[in-house]
Protein chains: 2
Amino acid sequence: MKAEAQALKGHLDVLLLAALEQGPRHGYAVKEALREGSGGRFDLPTGTVYPALHRLEAAGLITGSWSVADGRRRRSYALTPAGRRRLSSDRDGWRAFAGAVTALLEGPSSWPATT
Amino acid sequence: MKAEAQALKGHLDVLLLAALEQGPRHGYAVKEALREGSGGRFDLPTGTVYPALHRLEAAGLITGSWSVADGRRRRSYALTPAGRRRLSSDRDGWRAFAGAVTALLEGPSSWPATT
DNA sequence: ACTCCATAGGTAGGAAACCTACTTATGGCG
DNA sequence: CGCCATAAGTAGGTTTCCTACCTATGGAGT
């Protein structure tokens, strides 16, 4: 499958946090939510998603808990208060970043003269 | 100096190519154009900019040539045809990427239900 | 005269992020 | 019985970017 798995480049964390904003999900569900929510564009390998979730948990931004459903063990993640604050500031950061890049890419007048 | 030097993460190349779109610049001028054009947001260290330009040159996307101005040696870079093509496709890539991320961050309805 | 800063180019080494490839395990469908 | 989707993970490598250095010139300030 994997439509365009290549490059979230540092913006994965904010997407993972956003995936948990409306409520907890287990790891695999986070991965699927990202794939479905992006129309297949962000179809990440498990080798990207699971380590990233561990990173966020180690950073105290999400908390994980084990459960069992249909005989399969699941680790459900939920945002911590720090995670919500991080999500909020990362959203602001994304707007600023995306705005700056878009301005430079779409508006040639953003650049100083070549002389 | 260096306002928020941290994270262009993979989007640096397209910005460097865009900096050369209107005409050639030397390395230091590319760095300054990026800083000024972004309102100080993308104030990259030379240890980021120069290796990136070397990378783009090695990839055949830009060509460099030495010159001397005011007793200082300069390496001027210009887009190659391949560089222009890459800039064009990277612009499309950026639009798609930024659009997808923004949709997921700003529109909670983009996400599948948490249940 | 001397020092400092902006300009101009560069490298070495490390940290972080992401991907590839692999492993383990269960439940259901053909 | 085999295969696929679900579910979780690790190991190792590549790339990208940053920190911290080095060299050199010209001009401004003291």
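Sequence lines set the chain letters: A, B, ... in the order given, protein chains first and strands last, and positions in each chain run from 1. Predicted model, so just to flag it, every value in this text is computed and none were measured.
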**Request:** Go through the structure and list residues passing side-chain hydrogen bond (donor to acceptor under 3.5 Å, both in side chains) with Asp13(A), not counting sequence neighbours.
**Result:** Arg55(A)
To the nearest angstrom, how far is [X] atom [atom1] from [N] atom [atom2]?
X: Leu12(A); N: dA16(C); atom1: CG; atom2: P; result: 16 Å
X: Leu8(B); N: dT15(D); atom1: CG; atom2: C1'; result: 15 Å
X: Asp70(B); N: dA28(D); atom1: CG; atom2: P; result: 12 Å
X: Tyr28(B); N: dG26(D); atom1: OH; atom2: P; result: 16 Å
X: Glu32(A); N: dC4(D); atom1: CD; atom2: P; result: 17 Å
X: His54(B); N: dG9(C); atom1: NE2; atom2: C1'; result: 8 Å
X: Arg55(B); N: dT16(D); atom1: CZ; atom2: C1'; result: 6 Å
X: His11(A); N: dC17(D); atom1: NE2; atom2: P; result: 10 Å

**Fill in**
Between the NE2 atom in His26(A) and the CZ atom in Arg72(A), the distance rounded to the nearest 0.5 Å is 9.5 Å
**Item:** Atom pair CG/CG of Asp90(A) and Leu16(A) - distance to nearest 0.5 Å
**Value:** 11.0 Å
**Request:** Using heavy atoms to find the nearest nucleotide of DNA chain C for Arg35(B) and Thr48(A) separately, return the residue whose nucleotide is more 5′.
**Result:** Arg35(B)
**Request:** Could you label the plane-to-plane angle of the His54(B) and Tyr50(B) rings as parallel, tilted or perpendicular, counting under 30° as parallel and over 60° as perpendicular?
**Result:** parallel
**Asked** Under 4.0 angstrom, heavy atoms only, what part of the nucleic acid is Gly47(B) near: base, sugar-phosphate, or nothing?
**Response** base
**Request:** Looking at every strand, decide which applies to Arg72(A) at a 4.0 Å heavy-atom threshold: base, sugar-phosphate, or nothing.
**Result:** base
**Prompt:** With respect to the phosphate group of dA7(D), does any side-chain polar atom (N or O) of Arg73(A) fall under 4.0 Å of OP1 or OP2?
**Reply:** no
**Message:** OP1 or OP2 of dG9(D) versus the side-chain N and O atoms of Tyr50(A): is any pair under 4.0 Å?
**Reply:** no
**Prompt:** Do the charged groups of Glu106(B) and Arg95(A) touch, with an N to O distance under 4.0 Å?
**Reply:** yes
**Asked** When only distance counts, do a donor and an acceptor, one from the side chain of Thr46(B) and one from the base of dG9(C), lie under 3.5 Å apart?
**Response** no
**Item:** Options dT19(D), dA8(D), dT10(D), nucleotide nearest the side-chain atoms of Pro45(B)
**Value:** dT19(D)
